[in-house]
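Following: one structure in structure tokens, then a few remarks.
Keep in mind the model is a prediction, meaning the values are calculated, not measured.
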Amino acid sequence: MELLLSLKTIIPLAAALLVNLTLCLALYRQWRRLDQPLQTYQSFLLTVLSGWAVAALVLVLLFPGSASGQANLHLFSTFRSAWNQWSLAELLQILLQFALFLPLGLIAALLGEPFCRLRWLLPVSVSCTATLSCAKIFLERGSFVLDDLLLNTLGALTGFFLGRLIWAIWHRERLGPPLVRALVLPVCCLVALGGAFSVYYGSEFGNLALAPSSRQSMGGVTLTRETTLSEEADTASVYRNAISSTARPGDTIASLLATELNLDLSSTALQTGQQRQFTLTDQDGREYVFSISLRDGSWQFSSAEAENVSVSGSMDSVRWRWESWLTENQLLDRAAVYSLDEDGSLRWEIDSPEDLAAYQNDFTAGSLVITLTRGDIPASITSTMATYQYVREAEILSPAAAYRLVEQGRFSRQQPLRAGDQMTVTDCQLTYATDSKGYYQPVYTFTCTVNGGEAESISVPALQ
């Protein structure tokens with residue numbers, strides 16, 4: 001089995017390298033036929049091109065994409081995923097893939113004959129993308145993504161047309177056609193990006209991360225239902241997470257923790273995707289990390305060094321100390337119920353109202369857990385406590401209409417369904433999820449089994 005897996009990764013990489021070598025030899029033969037000496041500027045550009053190839057390989061391996069060994073052949077799935085997440089990190093990943101091959105097209109256009117031909121540039125761009133993808137698979141740093149091929153090719157074309165414009169300026173040729181070709185792709189990209197922002201900010205509610213970036217292939221999948229679903233559409237309450245209206249989420253909590261635990265708080269916060277992270281330091285130089293989710297307001301304080309639980313004094317005194325401090329600083333709702341975990345952690349919980357769809361009031365829900373240590377600074381504090389503000393009633397799909405989305409494969413699943421799978425839906429519940437604008441909106445969650453395995457949940461948006 002290991003030999004077979006090795007062959008599956010080595011053979012594509014060897015084939016891609018062979019194609020690259022063939023293209024290089026074909027270009028070399030074409031250049032030799034022109035019987036032209038290599039100019040100094042061409043030597044310089046070829047050296048820069050070699051440096052670009054090394055830098056591109058390093059960048060691709062430093063920023064791995066999807067799960068290793070899984071090919072994503074769904075066109076535009078990367079764009080849909082960025083739309084669903086509405087994440088700056090995913091947008092930057094798309095822009096990076098686009099910009100990665102700009103130098104290839106630019107240098108090819110400036111090299112002159114016979115390199116400055118689209119019939120050479122396009123196969124070279126595709127071949128280089130395939131080589132990088134095979135290298136990611138071979139080194140277990142990612143997989144083949146069809147959208148990467150599209151983005152890299154568009155980037156190479158943009159660089160090529162920009163290079164031809166520079167060539168025309170350099171040789172004092174007509175600028176009209178080269179200028180138009182150089183502007184077409186960037187203008188189209190800006191229009192598409194502007195349209196996406198207009199649609200997003202023109203919509204009342206945000207996007208749901210649970211929405212699929214590509215549909216499940218339901219061909220050959222046997223889907224059965226063991227529950228009754230109504231065809232009647234209804235309305236449900238929509239709420240908003242209070243963290244969404246906070247200008248600088250996490251700053252206040254980090255400052256409160258630093259003051260209470262006598263820690264030094266770093267002056268800057270690191271933001272990665274949907275997380276803001278702060279670094280705190282004690283008098284002995286030990287570091288602690290505080291991070292908060294920008295989407296739902298959940299946060300965690302943790303120590304880099306794990307210690308055994310050992311509380312000085314009675315557990316009640318420790319509990320009341322933290323409960324008083326948390327309540328005073330509005331980090332814990334007074335209605336939260338206290339309990340002591342088996343591992344000695346302090347836990348406070350408050351459940352959501354039973355029927356959120358009809359509740360129509362503000363509420364607080366979540367949990368807060370403190371893992372204690374031998375010293376005064378806890379090993380970790382983890383909070384999912386959040387306050388939700390009632391917004392309004394909104395029309396939702398009927399359960400039967402939501403089930404038809406499942407029939408169409410419009411749901412996300414970690415392992416894609418395959419022909420021959422048997423999927424059985426046993427239950428349907430109206431639950432809630434936080435969208436990209438901080439709204440807590442209804443979703444339909446279906447309980448199902450695949451091939452008789454353990455029960456799992458899949459969700460589809462409920463708002464019409």
Side-chain angles (χ1 to χ4, degrees), residues 66-74 76-78 80-86 143 205-239 295-296 298 351-359 365-367 384 394-436 439-464:
S66 55
S68 300
Q70 293 184 3
N72 183 354
L73 302 179
H74 298 281
F76 303 123
S77 61
T78 303
R80 284 191 289 267
S81 177
W83 171 260
N84 295 336
Q85 300 280 348
W86 198 253
S143 62
F205 302 122
N207 303 333
L208 286 169
L210 57 84
S213 59
S214 58
R215 292 191 183 189
Q216 299 286 329
S217 177
M218 302 301 287
V221 175
T222 303
L223 180 63
T224 57
R225 174 165 55 91
E226 296 180 351
T227 183
T228 303
L229 301 176
S230 171
E231 287 282 0
E232 294 184 7
D234 202 350
T235 60
S237 300
V238 177
Y239 305 87
R295 183 148 294 177
D296 58 17
S298 60
D351 295 330
S352 302
E354 289 187 4
D355 189 2
L356 275 180
Y359 189 62
S367 64
T384 60
E395 294 183 351
I396 60 174
L397 300 171
S398 68
Y403 179 74
R404 285 192 281 273
L405 298 180
V406 176
E407 291 179 320
Q408 298 167 12
R410 295 169 64 177
F411 60 90
S412 295
R413 188 171 182 267
Q414 187 173 8
Q415 294 295 331
L417 294 174
R418 299 178 180 178
D421 285 346
Q422 295 183 351
M423 183 175 178
T424 303
V425 174
T426 58
D427 190 26
C428 174
Q429 296 291 333
L430 187 67
T431 60
Y432 276 74
T434 305
D435 67 22
S436 57
Y439 287 100
Y440 200 50
Q441 60 169 275
V443 298
Y444 280 108
T445 298
F446 293 90
T447 303
C448 62
T449 59
V450 178
N451 300 326
E454 294 184 358
E456 58 181 87
S457 297
I458 57 174
S459 300
V460 298
L463 292 181
Q464 292 189 7

All ring pair (Phe, Tyr, Trp, His ring centres under 6.0 Å) counterparts of Trp83, not counting sequence neighbours: Trp86

Selection residues 206-215 - residue pairs positive for salt bridge (charged side-chain N to carboxylate O under 4.0 Å, His left out), sequence neighbours left out: none

Glu226 CD to Thr449 OG1 distance, which is reported to the nearest 0.5 Å: 7.0 Å

Reported CD-to-CG distance for the pair Glu232 and Leu397, which is rounded to 0.5 angstrom: 14.0 Å

Glu231, CD atom: more than 12 neighbouring heavy atoms under 6.0 Å: yes

Distance-minimising heavy-atom pair for Leu210 and Ser459: CD1-O, 3.8 Å

Closest approach of Ala455 to Thr447 (non-hydrogen atoms, all atoms of both residues): CB-CG2, 4.2 Å

Least distance between heavy atoms, Arg80 atom then Ser213 atom: NE-O, 2.5 Å

Chi angles and distances behind the side-chain contact (heavy atoms from CB on, under 4.5 Å) call for Gln216, Ile458: CA-CA 12 Å; Gln216 299 286 329; Ile458 57 174; over 6 Å; no

Under 3.5 Å donor-acceptor, Gln464 side chain and Ile396 backbone: yes

Partner of Tyr440 under side-chain contact (heavy atoms from CB on, under 4.5 Å), chosen from Val238, Leu356, Asp435: Leu356

Nearest-0.5 Å distance, OH of residue Tyr403 to CG of residue Leu405: 11.5 Å

Side-chain heavy-atom pair Arg225, Glu407 within 4.5 angstrom cut-off: no

Sequence neighbours excluded, every pair satisfying ring pair (Phe, Tyr, Trp, His ring centres under 6.0 Å) that has a member inside residues 205-236: Phe205-Tyr439

Gap separating the CZ atom of Arg295 from the OG atom of Ser436, nearest 0.5 angstrom: 5.5 Å

Under 3.5 Å: donor-acceptor pair, side chain of Asp296, backbone of Ser298: yes

Non-hydrogen side-chain atoms of Arg413 and Glu456 separated by less than 4.5 Å: yes

Interatomic distance, Gln441 atom CD to Leu208 atom CG [nearest 0.5 angstrom]: 4.0 Å

Heavy-atom closest pair, residues Phe446 and Val425: CD2-CG1, 3.7 Å

Atom of Tyr444, atom of Ser398 and distance for their closest heavy-atom approach: OH-C, 3.7 Å

From CA spacing to verdict: side-chain hydrogen bond (donor to acceptor under 3.5 Å, both in side chains), Asn207, Asn84: CA-CA 5 Å; Asn207 303 333; Asn84 295 336; 5.8 Å; no

Contact check, side chains of Thr224 and Gln422, non-hydrogen atoms, under 4.5 Å: no

Closest approach of Ser352 to Ala365 (non-hydrogen atoms, all atoms of both residues): OG-CB, 3.3 Å

